[in-house]
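Structure, as structure tokens:
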Amino acid sequence: MHDAILKRLRERLAVEAGLAATLSQGLLVLVQKPDELLAIAQTLKHKFAFDLLLDVTAVDWPQRQPRFDVVYHFYSTQDHVRVRLKTAVSETSPEVDSLRSLYGSANIMERECHEMYGIRFRDNPDLRPILLYEGFEGYPLRKDYPKQREQPQV
Amino acid sequence: MNTPRQSPAAFEYLTTKKDELVGWARKFSLFPYPFVTACCGMEFMSVSSTLYDTDRFGAALPRFSPRQSDLMMVVGTINHKQAPVLRKVYEQMCEPKWVIAFGTCTISGGFYQNYAVLLGIDKVIPVDVYIPGCPPRPEMVIDGIMQLQDKIATARHPLINEHF
Ligand code: SF4
């Protein structure tokens, strides 16, 4: 049942939106360029009923060029399937479009991704830290942040 | 006719030192302030509820305002963002005040060693009794409370001056 839905969705994505999705661990995976991100999220939301943004995070590949993957997970409350959208950004300009015009939840999750990985989200006006504090230097979940570096406040 | 006054108990007066008297009173009237942040909190609940019952040591009634308490129990992981809060709460407590570090996280950061966790609350506030364990057994907590009681009982109390 679940597999059938995934298969159908995959075909629809290919035919109707020209997106080649792969399957991984029961998830549809899309890998796209950063400048197409907003358009694809729009298509996913309006055409394919992916109406829930579950997570925004990033992966640091220190040896790779471009260095970061920004990863989004969407969920369809209609079909009960998930899709993962990945886009690679470079170390020199780790910048992608914000999805806050489509999903309200993007506001907070982009803030967290920004403080932990230093990914900038264009058009998100409020990228203050949530879990960290003002004055914290560096991005702790990047692989080059020293494991034992502390930044005490008192 | 006056009846002779009956003696109420075996003895009518005691001799003691004022310090011991105050220490004796204080050690059985600890008002803990639970600063509970993490998994050690479960063990804190277990030690303060019926089976182990810290009421036996006079430390039963948690006060959720630092101004009404004299024993701060720091229970669980403290991170750098929280350290200023911990310091402020400690400063709001009235003298005399004591601090128990409950669990390895509060003593040394435990197994955490990263950007977030404060490696030992004694970097921020003074600590009287350390109770190790991840989390400590209730018996250890009770032992810690009894050690604190000994410490209070044998301490000098600045309350005692030329007017008292
Ligand atoms: S000492 Fe262990 S049980 Fe206690 S807060 Fe730390 S990790 Fe949790």
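Since the model is a prediction, treat every value here as computed from it, not as a measurement. What's counted below: heavy atoms across the whole structure, side chains too, no hydrogens, waters or symmetry copies.
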With chain A as the partner chain, list the residues of residues 121-146 of chain B whose heavy atoms fall under 4.5 Å from it, by residue number, and write 'none' if nothing qualifies.
-> B:Lys123, B:Val124
Heavy atoms of other groups near A:Arg128 CZ, more than 12 under 6.0 Å | no
Take atom CD of A:Gln25 as the centre, draw a 6.0 Å sphere, and report whether it contains more than 12 heavy atoms from other residues, nucleotides or ligands.
-> no
Under-4.0 Å salt bridge between [X] and [Y]:
X        : Y       : answer
A:Asp51  : A:Lys45 : no
A:Arg8   : A:Asp79 : no
A:Arg122 : A:Glu95 : yes

Atom group of B:Leu119 that falls short of 4.5 Å from chain A, counting heavy atoms | both
Donor-acceptor pair, distance only, cut-off 3.5 Å: does the side chain of [X] make one with the backbone of [Y]?
X        : Y       : result
B:Ser69  : B:Leu71 : no
A:Tyr117 : A:Ala58 : yes
B:Lys97  : B:Tyr90 : yes

Taking heavy atoms only and a threshold strictly under 4.5 Å, list by residue number the residues of residues 139-154 of chain A that touch chain B; give 'none' if the list is empty.
-> A:Pro140, A:Leu141, A:Tyr145, A:Lys147, A:Gln148, A:Arg149, A:Glu150, A:Gln151, A:Pro152, A:Gln153, A:Val154
Is it true that A:Phe74 and A:Tyr103 have ring centroids separated by less than 6.0 Å?
-> yes
Is a side-chain donor-acceptor pair under 3.5 Å present for A:Trp61 with A:Asp69?
-> yes
